[in-house]
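What follows is a short report on a single structure.
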Amino acid sequence: MTVVIGFEGSANKIGIGIIRDGEVLSNPRRTYITPPGEGFQPSDTARHHRSVILTVLKEALEQAGLKSSDIDCVAYTKGPGMGAPLVTVALVARTVAQLWGKPLVGVNHCIGHIEMGRLITKANNPTVLYVSGGNTQVIAYSERRYRIFGETIDIAVGNCLDRFARVIKISNDPSPGYNIEQMAKKGSQYVELPYTVKGMDVSFSGILSYIEEAANKMLGSRQCTAEDLCFSLQETVFAMLVEITERAMAHCSSQEVLIVGGVGCNLRLQEMMGVMCKERGAKLFATDERFCIDNGAMIAQAGWEMFRSGQVTELEDSWITQRYRTDEVEVTWRD
Amino acid sequence: MTVLKRLGRRRLPIANKMAVPENDDQASKLEFSLDVPFPSARQAAVALGSLSPDREPRRGGVHKRLTLTGSVLNVKWRADEARVLRVSVNSFLDHLSLVLETMHAFSADVCEDPHVVLGHQPPSAT
């Protein structure tokens with residue numbers, strides 16, 4: 001049996017999870033929530049993580065019913081993400097790894113999402129849509145790499161949604177994306193927005209500028225409601241994501257889609273992707289907010305795979321990095 | 001900072017000195033040094049291991065070097081400007097504080113091992 005503890009804190013969530021051979025033993029998490037209209041700044045987010053990380057670590061061990069001596073390996077997020085929060089989490093991971101005398105494994109955050117999605121859904125070799133506040137990528141596995149088939153050329157889809165939420169002062173509790181999803185259900189009028197698919201890639205910054213301006217004009221003159229804008233934004237950006245995912249599937253003759261990342265728990269996105277999959281006779285795999293949204297278990301799971309295939313990270317190589325592409329990692333644990 | 005104070009009760013408080021060297025072109029840098037005493041050499045080594053891997057930004061105009069002298073962690077900064085020095089020192093103290101808190105919270109876990117004696121000694125023992 002191999003027990004791995006995973007530390008995640010690359011954005012505004014801090015999570016620590018413990019995995020024993022594919023079984024999630026514990027996965028506590030805290031979210032740094034800012035007031036409506038405000039995003040989360042790196043230094044404030046790091047301060048939040050510092051203030052709760054040891055409590056979360058104790059919870060993770062208690063809920064799993066384990067002692068430090070039961071842990072075989074300490075996994076942490078090496079990147080990509082915001083520097084200050086990443087360092088905070090890495091510091092604690094390094095310290096406990098030394099105190100407990102356990103090896104460290106630095107995990108690519110995106111790989112964490114993919115491996116957690118594969119574990120939970122049992123998808124075998126899916127085309128992966130990874131959508132969150134910081135990343136938007138269509139990924140497929142080939143020859144020991146998770147290869148990026150398409151991605152955003154500017155901001156992430158979740159960043160587009162979050163920043164729109166700030167403009168019209170939607171609450172960040174539990175998350176701006178969740179609140180947009182609920183409001184979108186009450187929208188009835190579709191406001192036409194730019195649709196920006198560029199080959200295999202997508203762009204969201206122009207859509208954001210457009211809808212910001214539309215919000216200022218149309219909400220003031222009551223031409224549409226905030227709910228209509230939420231609905232229109234979701235329909236547009238999700239259609240773009242479904243389009244590039246379908247194209248990647250055609251390229252790889254893939255019959256499976258896995259949606260991961262924080263935006264992946266949006267049920268409307270899952271529904272639209274489901275329609276496309278049904279038309280192609282493909283299967284859709286998705287998880288709920290426990291595993292879609294950043295969490296510690298996903299880092300533990302990717303760390304488990306890496307550790308079992310012989311990878312460890314020496315202490316002096318355990319620096320964090322804000323930029324770390326999905327295809328930089330050699331996948332030593334798959335055929 | 002509370003942890004730093006706690007540590008200070010057992011040992012010397014943090015010693016620091018700041019100096020601006022003579023103003024020739026080679027040495028026109030601000031320097032700052034910090035000595036952090038730990039109850040044991042092992043604890044100091046753990047702190048060094050946790051705090052060393054992340055480098056300062058390459059073009060940030062600040063250099064930081066961490067070394068050990070027995071149970072004392074020595075940190076030396078050289079910087080072009082006071083502004084960048086302050087940011088680096090501040091964040092280092094935040095990081096140090098978190099590492100110390102982690103050691104205090106999880107030191108009981110390793111006490112079974114006679115080779116790693118950590119924390120929770122009565123003040124008279126040091």
Side-chain angles (χ1 to χ4, degrees), chain A residues 5 7 9 14 16 42-62 66-71 74 76 78-79 83-104 106 313-323, chain B residues 1-4 36 38-60 64-68 73 75 86-120:
Chain A
I5 188 166
F7 289 74
I14 166 113
I16 301 176
S43 58
D44 300 333
T45 309
R47 193 173 307 125
H48 166 266
H49 289 5
R50 278 202 301 275
S51 69
V52 298
I53 186 167
L54 295 178
T55 310
V56 178
L57 176 51
K58 281 186 183 143
E59 272 177 33
L61 288 165
E62 274 166 22
L66 295 182
K67 297 194 301 288
S68 59
S69 53
D70 301 320
I71 307 281
V74 177
Y76 71 99
K78 187 175 180 64
L86 280 170
V87 171
T88 299
V89 173
L91 282 169
V92 174
R94 286 177 201 136
T95 306
V96 297
Q98 291 182 89
L99 291 176
W100 300 341
K102 308 294 178 187
L104 266 181
T313 305
E314 296 303 327
L315 199 54
E316 57 267 33
D317 300 325
S318 67
W319 36 269
I320 60 92
T321 169
Q322 301 194 50
R323 304 196 182 276
Chain B
M1 281 307 107
T2 52
V3 181
L4 278 173
V36 189
F38 283 83
S40 70
R42 152 89 176 148
Q43 267 178 304
V46 169
L48 178 78
S50 295
L51 293 162
S52 294
D54 296 303
R55 307 261 174 267
E56 294 290 326
R58 218 175 300 157
R59 282 184 296 276
K64 185 176 82 209
R65 223 168 70 97
L66 285 81
T67 49
L68 277 189
L73 175 68
V75 195
R86 181 182 63 82
V87 171
S88 178
V89 173
N90 271 350
S91 79
F92 179 83
L93 290 175
D94 282 340
H95 295 168
L96 174 66
S97 175
L98 178 61
V99 168
L100 293 173
E101 275 180 64
T102 309
M103 284 182 176
H104 281 290
F106 290 92
S107 56
D109 287 12
V110 285
C111 276
E112 308 138 31
D113 185 342
H115 298 292
V116 278
V117 183
L118 288 167
H120 296 316

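Order of the sequence lines fixes the chain letters, A, B, ..., with proteins taken first and strands second; residue numbering starts at 1 for each chain. Since the model is a prediction, treat every value here as computed from it, not as a measurement.
Side-chain contact between B/Phe106 and A/Leu61 is present, with heavy atoms from C-beta onward closer than 4.5 Å.
Shown here for B/Arg42 and A/Gln98, the closest heavy-atom pair between the two residues is NH2-O, 3.0 Å. Of all non-hydrogen atoms in B/Ala105 and A/Leu54, the two that sit nearest each other are CB-CD1, 4.3 Å. The two residues B/Ser50 and A/Arg94 come nearest to each other via the heavy atoms O-NH1, 2.8 Å.
Taking CG of B/Asn90 as the reference point, atom OG of A/Ser43 lies at 11.0 Å (rounded to 0.5 Å).
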| query | Between B/Val46 and A/Thr95, is a side-chain contact (heavy atoms from CB on, under 4.5 Å) present by the stated rule, with each step listed? | reply | CA-CA 7 Å; B/Val46 169; A/Thr95 306; 4.1 Å; yes

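Of the two parts of A/Thr88, the backbone and the side chain both hold a non-hydrogen atom closer than 4.5 Å to a non-hydrogen atom of chain B.
Residues of residues 44-53 of chain A placed with any heavy atom under 4.5 Å of a heavy atom in chain B are listed by number as A/Arg50, A/Ile53. When the heavy atoms of residues 51-59 of chain B are compared with those of chain A, the residues falling under 4.5 Å are B/Leu51, B/Pro53, B/Asp54, listed by number.
Most heavy-atom pairs under 4.5 Å with chain B: of the set A/Val96, A/Thr321, A/Asp317, A/Leu315, this distinction falls to A/Leu315.
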